[in-house]
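Below is one structure, written out as structure tokens, with a few remarks after it.
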Number of protein chains: 2
Amino acid sequence: MPAPTTLGHVLLGLLHQQPRSGYDLRKVVVSTPMSLFSDSPGAIYPALRSLQKAGLIQVEQAARGGRRRSTFVPSARGRAAFVAWLRQPPSQDDITRLWPLLMLRLAFMDGLVAPADVTAFLARLQTGIDAHVVELEAFLAQHRALLPPAARLALESGIHDARGRSAWLTRARRQSSRSRRSPA
Amino acid sequence: MPAPTTLGHVLLGLLHQQPRSGYDLRKVVVSTPMSLFSDSPGAIYPALRSLQKAGLIQVEQAARGGRRRSTFVPSARGRAAFVAWLRQPPSQDDITRLWPLLMLRLAFMDGLVAPADVTAFLARLQTGIDAHVVELEAFLAQHRALLPPAARLALESGIHDARGRSAWLTRARRQSSRSRRSPA
DNA sequence: GATCACATGTAAGAAGTTACATGATTCT
DNA sequence: AGAATCATGTAACTTCTTACATGTGATC
């Protein structure tokens, strides 16, 4: 059984929050602002199948009442696999190209990884995003003369994005460590 | 012949900048900060084939010297198709989920669409991104109590991203209209 | 009793990734 | 001669999308 796909991991994460059926998962995926995926049944049901076959989730409750419906929960191995996914250090490529997915991982971390790991995650993101800023600015400096206006705007947008994320990270990290000292 | 895929359109755009071979395109895709795709030959060569079969690009120069190598240029129909792609008004879904692709489209607009169209494009982006901010903030307001800290951080990151993009757009639009009045 | 929301699934196809294969040319 | 780079291509596989199919329970 191959490692779960991105969608598989996300479904696994949602099942950690509460037991859900495939139908529930589809609804969450559309109603959530983090929607990276479509709600196509042709993606979700096969993904659930594969998680089940890999032993990462189990049917918690089948067909209560008359209506056919099964809700899933993560197994112990599923929890371990999911936590491992969360703790996986982001690559530079993840940071420059898959930021929304990293934010989704962050959103799942509560209660599953230690606060110190969240801190480390955010720190890694910042060094990565800062490196990206440097890279983009070097590119701009090198090509400034050749870049026509719209292309330059697009590049500047990328720089602005990355700078904004770095600024957000400094605040988020401060806030995160503060709340760790004085929890609610 | 089906409509070109996203990768197909990007390749078409790169060929508008200058004639290139498949190998050249691979190099550009990796060396460019806008790299949304991998440089896998298994993606690029078939995409070129399909563009060629659709009559959107032509071989400009084959095997000069001894080494086998063909460079491609867009045909008239290819140019029309690409411009149509650029001018296509972004959907709300594009704006919330495919921003980097929209920036790539922006980067290709110079010389292919009228400056007024660039302006319209940027204006559309701003109404879309502002709507997204409103949506995310509504979600936050509604779920603030239930959201554990990391999940809340992730959501706030999305809001911060979108706000930053809106701010960038106001400046970019001002700059764009100014440079249109007094071109270099 | 017709229609809608619930709930799950499959079939066909598109598109990309990885990995391998194949040669030519240049460099040392 | 051997190695690295140039340059193109294919085969197998994975995954998602679209579209359809199927049936149940609730609602009007």
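All chains are named by letter (A, B, ...) in the order of the sequence lines, taking the proteins before the strands, and each is independently numbered beginning at 1.
- If you take CG of A:Asp39 and C1' of C:dT8, they are 14 Å apart, rounded to a whole angstrom.
- Phosphate proximity of D:dT18 to A:Ser40: absent, as no side-chain N or O sits under 4.0 Å from OP1 or OP2.
- Few gaps surround CZ on A:Arg124; more than 12 heavy atoms of other groups in view lie less than 6.0 Å from it.
- Between A:Leu106 atom CG and B:Ser157 atom OG the span is 7.5 Å, to the nearest 0.5 Å.
- The distance from the CD1 atom of A:Ile95 to the CG atom of A:Leu101 is 12.0 Å, given to the nearest 0.5 Å.
- Between A:Arg163 and A:Glu137 a salt bridge is recorded (basic side-chain N to carboxylate O distance below 4.0 Å).
- Through side-chain heavy atoms spaced under 4.5 Å, either directly or across other Ile, Leu, Val, Met, Phe, Trp or Tyr residues, A:Leu136 is tied to A:Phe139, A:Leu140, A:Leu147, A:Leu155, A:Ile159.
- Remark: the A:Asp130 side chain and the A:Thr127 side chain contain no N/O donor-acceptor pair separated by less than 3.5 Å.
- In this structure, a donor-acceptor pair under 3.5 Å is absent between the side chains of B:Gln58 and B:Ser75.
- Applying the salt bridge (charged side-chain N to carboxylate O under 4.0 Å, His left out) test to residues at least two apart or on different chains, the pairs with a partner in residues 101-121 of chain A are A:Arg87-A:Asp117.
- Atom-to-atom, CZ of A:Phe72 to P of C:dA7 comes out at 13 Å; the value is rounded to the nearest Å.
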Distances for protein N/O vs nucleotides 12-14 of chain D N/O pairs under 3.5 angstrom?
none

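- Remark: the A:Arg173 side chain and the A:Thr170 side chain contain no N/O donor-acceptor pair separated by less than 3.5 Å.
- Side-chain N/O atoms of B:His160 and A:Arg171 include a donor and acceptor closer than 3.5 Å.
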Problem set entry | Audit row: B:Met109, B:Phe121, side-chain contact (heavy atoms from CB on, under 4.5 Å) steps and yes/no | CA-CA 10 Å; B:Met109 289 186 180; B:Phe121 183 80; 3.5 Å; yes
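- Shown for residues 4-29 of chain A: residues whose heavy atoms fall under 4.0 angstrom of DNA chain C, namely A:Ser21, A:Gly22, A:Tyr23, A:Arg26.
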Problem set entry | Check against side-chain contact (heavy atoms from CB on, under 4.5 Å), A:Phe108 and A:Leu14 | CA-CA 8 Å; A:Phe108 280 127; A:Leu14 291 172; 4.0 Å; yes
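- Rounded to a whole Å, the CZ atom of B:Arg69 is 14 Å from the P atom of C:dT25.
- Within residues 42-57 of chain B, the residues having any heavy atom under 4.0 Å from DNA chain C are, by residue number, B:Gly42, B:Ala43.
- Against DNA chain D, the stretch residues 88-103 of chain B makes no heavy-atom approach under 4.0 Å.
- Rounded to the nearest 0.5 angstrom, B:Arg97 CZ and B:Ser91 OG are separated by 9.0 Å.
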